[in-house]
Amino acid sequence: MAHQNSRDVDSFMEGLKKRNPHENEFHQAVREVATSVIPFVNENVRYRDEQIFERMTEPDRIVIFRVTWVDDEGRIRANRAWRVQFNNAIGAYKGGLRFHPSVTQSVLKFLGFEQTFKNSLTGLPMGGAKGGSNFNPRGKSDREVMRFCQSLMTELHRHIGENTDVPAGDIGVGAREIGYLFGQYKRLENEFVGTITGKGLAFGGSAGRTEATGHGCVYFGNHVLEAAGESMQGRTVGVSGSGNVALYAAQKATELGGKVITLSDSGGFIHDPDGIDAEKLAFVQDLKEVQRGRISAYADKYPAATFTADARPWAVPMQVALPCATQNELSLGDANTLIGNGVRLVCEGANMPTELDAVHALQSSGVLFGPAKAANAGGVAVSGMEQSQNAQRVSWSAQEVDEKLRGVMSDIHSQCVEYGGAEKAGDPVDYVKGANLAGFVKVADAMLSYGAV
Ligand code: NDP
Ligand code: 2IT
């Protein structure tokens, strides 16, 4: 049976690659899910007979468009943008927008595919989508970013809506960009509705949305540790990235008694053996969000810290690793180094930061592993709460949102245990399988109900 399953995965992937050539990130994300879902579908043949997984790996639609804008020198510039509306079986499309030069259709398809499962895990009625552009906000003035956002929304607005598709932020799309995007949306539609989440608190944003992904990731990681009889207390924690997810993951890990010793950006990483406490985090937040500077400046400010250029933090000995920057930032070699240094937990704040062979190496060495679609679902969960508050025209307090977020992360942990739990006593929980199957079943059951659509 195991052989048949692995042959079925290989032949499924062969077909997928033929239909989607050169989309390596998309292939990688689908293979990870197929490895869990195909054996399950072979045992639950109603899904197989109705071609559910085949349909779930084909986006509902992709909109591709040109974004033309004028830079500060008065020159005309053009970028490409996409919205991948992947699956709306269980709710309106929902997912972030990414602005980064590495954005391609393959990257956005992997993210939209993952988002479908992640949103299902939250228990909220949200379908999966992702969008973005190869526009690079780095080095652009506020005015240039504004003109780009306005031009992008001038096209995007006709494809989205509070009951159709609700974008939010992701890499390169933070508070500033969301303000420009929502401002233009509102102007074009002449309507004030919650079609974008991650909005500022002054205009319909939810308390706790900024913090939600990072905090949720650490809540989830702490559940994984506790289920194994351990905790975050007293652990050394390595974080990669220094953006929205990384900074709030670092904040919550510190609050739960961990000692955060690394942060990074695309220029390299800093290592602070004294720990990056709340005051130092406030410095980094100002550095990255207000000054729009580089993480190397941390080592100038705090002489006990070192900066290593063009490297990731995984060679620093750490007990908990939280990759929170981008996809494929933790390789097999990095995993083996972490294992050699005694890491106990790797919990993904970013989407697909760990390469597939690295995930296998960690799991087979007994390292606890929290996969992205479960671990970073707190962000989109609070986005869903923002939609509810907007629809009801109410605002919940930060405390209320945090309680709900804790509830969602605890529930996702339980679903992972239910679907990825030990087959025999003593086996560890397989959180990858658990998250994939729990996310799959709800979407698949909805699709079964709809018939051939
Ligand atoms: P930000 O733009 O706020 O921060 C991104 C961070 O990652 C920066 O430190 C950036 O460094 C670094 N980074 C980005 N690309 C690369 C790269 N190619 N190589 C090395 N470092 C890189 O993004 P977020 O914190 O919002 O997102 C981080 C991750 O979390 C992404 O994978 C995103 O999809 C995921 N995520 C985000 C959610 C959210 O609510 N924002 C929700 C769930 C997941 P630099 O400044 O040098 O580019
Ligand atoms: O990857 C993600 O889950 C996000 N970037 C957040 C999406 C959202 O709609 O809040």
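First listed ligand is number 1; within each ligand, the first listed atom is number 1.
A distance of 6.0 Å or more separates the ring centres of F369 and Y431. Taking the ring centroids of F148 and Y180, they lie at or beyond the 6.0 Å cut-off. Taking the centre of each ring, F182 and F192 come in below the 6.0 Å mark.
Ligand 1 is never approached by M352 to a heavy-atom distance shorter than 4.0 Å. Between P353 and ligand 1 there is no heavy-atom distance shorter than 4.0 Å. A heavy-atom separation below 4.0 Å is not found between G384 and ligand 2. Note on ligand 2: R98 sits outside its first shell, no heavy atom being nearer than 4.0 Å. Within the structure, the closest approach of G174 to ligand 1 does not fall below 4.0 Å when heavy atoms are considered. Using a 4.0 Å cutoff on heavy atoms, R138 counts as a contact of ligand 1. Distances shorter than 4.0 angstrom do not occur between any heavy atom of S102 and any atom of ligand 1.
For atom 2 (C) of ligand 2, the nearest non-hydrogen atom of the protein is K118 NZ, 3.3 Å. Of all protein heavy atoms, the one lying nearest to atom 7 (C) of ligand 2 is G96 N, 3.6 Å. Taking atom 4 (C) of ligand 2 as the reference point, the nearest protein heavy-atom neighbour is K130 NZ, 3.8 Å. With respect to atom 10 (O) of ligand 2, the closest heavy atom belonging to the protein is S383 OG, 2.5 Å. If you check which protein heavy atom lies closest to atom 9 (O) of ligand 2, you get K94 NZ, 2.6 Å. Looking only at heavy atoms of the protein, atom 6 (C) of ligand 2 is closest to R209 NH2, 3.5 Å.
Within the 4.0 Å cut-off (strictly below), a protein heavy atom is located near atom 33 (C) of ligand 1.
For R292, the CZ atom counts as densely surrounded, since its 6.0 Å shell holds more than 12 non-hydrogen atoms of other residues, nucleotides or ligands.
By the 30° and 60° cut-offs, the orientation of the rings of F26 relative to F86 is tilted.
Applying the 4.0 Å criterion to heavy atoms of S264 picks out, from ligand 1, the atoms 9 (O). Within the listing of ligand 1, atoms 31 (C), 32 (O), 33 (C), 34 (O) sit less than 4.0 angstrom from a heavy atom of R98.
Note: no N/O pair closer than 3.5 Å links Q327 and ligand 1 by distance alone.
To the nearest 0.5 Å, atom CE of residue M153 and atom CG of residue L188 are 8.0 Å apart.
Using a 4.0 Å cut-off between heavy atoms, Q387 makes no contact with ligand 2 at all. With a 4.0 Å cut-off on non-hydrogen atoms, N351 touches ligand 2 through its side chain and not its backbone.
Looking only at atom types and distance, the side chain of Q85 has a donor-acceptor partner in the side chain of D165 under 3.5 Å away. When only modelled atom types and interatomic distance are considered, R55 and T57 share no side-chain donor-acceptor pair under 3.5 Å.
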